[in-house]
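Taking it in order: structure first as structure tokens, then the write-up.
Letters go in sequence order (proteins before strands), and every chain restarts at 1.
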There are 2 protein chains.
Amino acid sequence: MSALFEELVALDKLIHEPARLAIMTALSACQSADFLFLQRLTGLTKGNLSSHLAKLEDAELITIEKKFIGKKPNTLVSLSPAGREAIARHWQQLESLRHNASQWRPPEA
Amino acid sequence: MSALFEELVALDKLIHEPARLAIMTALSACQSADFLFLQRLTGLTKGNLSSHLAKLEDAELITIEKKFIGKKPNTLVSLSPAGREAIARHWQQLESLRHNASQWRPPEA
DNA sequence: AATAACCGGTTTGTGATGCAAACCTATTTC
DNA sequence: GAAATAGGTTTGCATCACAAACCGGTTATT
């Protein structure tokens, strides 16, 4: 019944935020991606991408490896197992909530 | 190509916020609902529900009518035409983004 | 060999936001 | 007539997203 909407309200905001939802969704389609690739993909500025990644890393949803390719620094981002599960689950929640809500009827006044 | 993810990043945050997504989604299934009904449905406190409604009203996505039922004040909330369109559109966006992203493949490095 | 421009980011500053708690006015209950 | 309840609004604070400044190194430019 109304558990539907309470569940909606309680969606994990760390993942729900649009930029991070985009990052996580993109990562879920590949094993890893580098910083610049993600930046171009999402259209975020470096600064914002950097801080979103930091939050996802703090939450242990992604792992970040920094190394040098030749003389250039390179940051490689990948989903952790927990992250892969979390993003899949988030989309499932949204999908089922949307579906269930579409056939929900308010209890007659 | 990457437009997918840029579109995700650009989701309307006014509607995307979980509590408001729940409010709008619930409203989309009925013509109108009163304050307490929405409060029980979403589990929000009065204060937070009130300020979320104020934001939605400012954006002209909902209309709020206050009247008295007998001696008690009563606040009736309904979607505006724009609001009805906006919430439908938001779910469509999410749905199609999720679907498209699931078959997206990163361009080979 | 300076210097300017670029690459790949991180840190900082700030305005907006979500939430909880306090408050308010009127009514009902004890 | 005091206390609880209904139906909200306002206030205060802590967090957050975004832009802009910064930074260490590298590659042109002169």
Exercise for the section: Would you check if there is a donor-acceptor pair between the side chains of T25(A) and W91(A) at a distance under 3.5 Å? Expected result: yes
Problem - Base dG8(C) to side chain K72(A), donor-acceptor N/O within 3.5 Å cut-off - result: no
Does [X] make a side-chain N or O approach to OP1 or OP2 of [N] shorter than 4.0 Å?
X: K67(B); N: dG7(D); result: no
X: S50(B); N: dT9(D); result: yes
X: R20(B); N: dT17(C); result: no
X: N48(B); N: dA20(C); result: yes
X: K46(A); N: dC6(C); result: no
X: H52(A); N: dC18(D); result: yes

Problem - From CA spacing to verdict: side-chain hydrogen bond (donor to acceptor under 3.5 Å, both in side chains), S51(A), N48(A) - result: CA-CA 5 Å; S51(A) 61; N48(A) 294 339; 4.7 Å; no
Handout entry: Side chain to side chain, I23(A) and L49(A), heavy atoms closer than 4.5 Å
Key = yes
In whole angstrom, what separates [X]'s [atom1] from [N]'s [atom2]?
X: I64(A); N: dG8(C); atom1: CD1; atom2: C1'; result: 13 Å
X: I23(B); N: dC19(C); atom1: CD1; atom2: P; result: 10 Å
X: L49(A); N: dA17(D); atom1: CG; atom2: P; result: 13 Å
X: D34(A); N: dG8(C); atom1: CG; atom2: C1'; result: 10 Å
X: L53(B); N: dC19(C); atom1: CG; atom2: C1'; result: 15 Å
X: L14(B); N: dA16(C); atom1: CG; atom2: P; result: 15 Å
X: Q39(A); N: dC18(D); atom1: CD; atom2: P; result: 14 Å
X: E65(A); N: dG9(C); atom1: CD; atom2: P; result: 13 Å

Practice task
By nearest nucleotide on DNA chain D, pick out whichever of K71(A) and A19(A) is the more 5' one.
Solution key: A19(A)
Exercise for the section: Find which nucleotide of DNA chain D each of G47(B) and V9(B) is nearest to by heavy atoms, and output the residue with the more 5' nucleotide. Expected result: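 Per heavy-atom nearest nucleotide, the more 5' residue is G47(B).
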Practice task
Could you tell me whether Q31(A) atom CD has more than 12 heavy atoms of other residues or ligands within 6.0 Å of it?
Solution key: no
Nearest to side-chain heavy atoms of [X], which nucleotide of [options]:
X: E17(A); options: dC18(D), dG18(C), dG8(D); result: dC18(D)
X: K13(A); options: dG8(D), dG8(C), dC19(C); result: dC19(C)
X: F35(A); options: dT10(C), dG18(C), dA20(C); result: dT10(C)

Practice task
Return the orientation label for the H16(A) and H90(A) ring planes: parallel under 30°, perpendicular over 60°, tilted otherwise.
Solution key: tilted
Handout entry: Pairwise 5' ranking along DNA chain C for P73(A) and K55(B), keeping only the more 5' one
Key =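 Whichever sits nearer the 5' end wins; that is P73(A).
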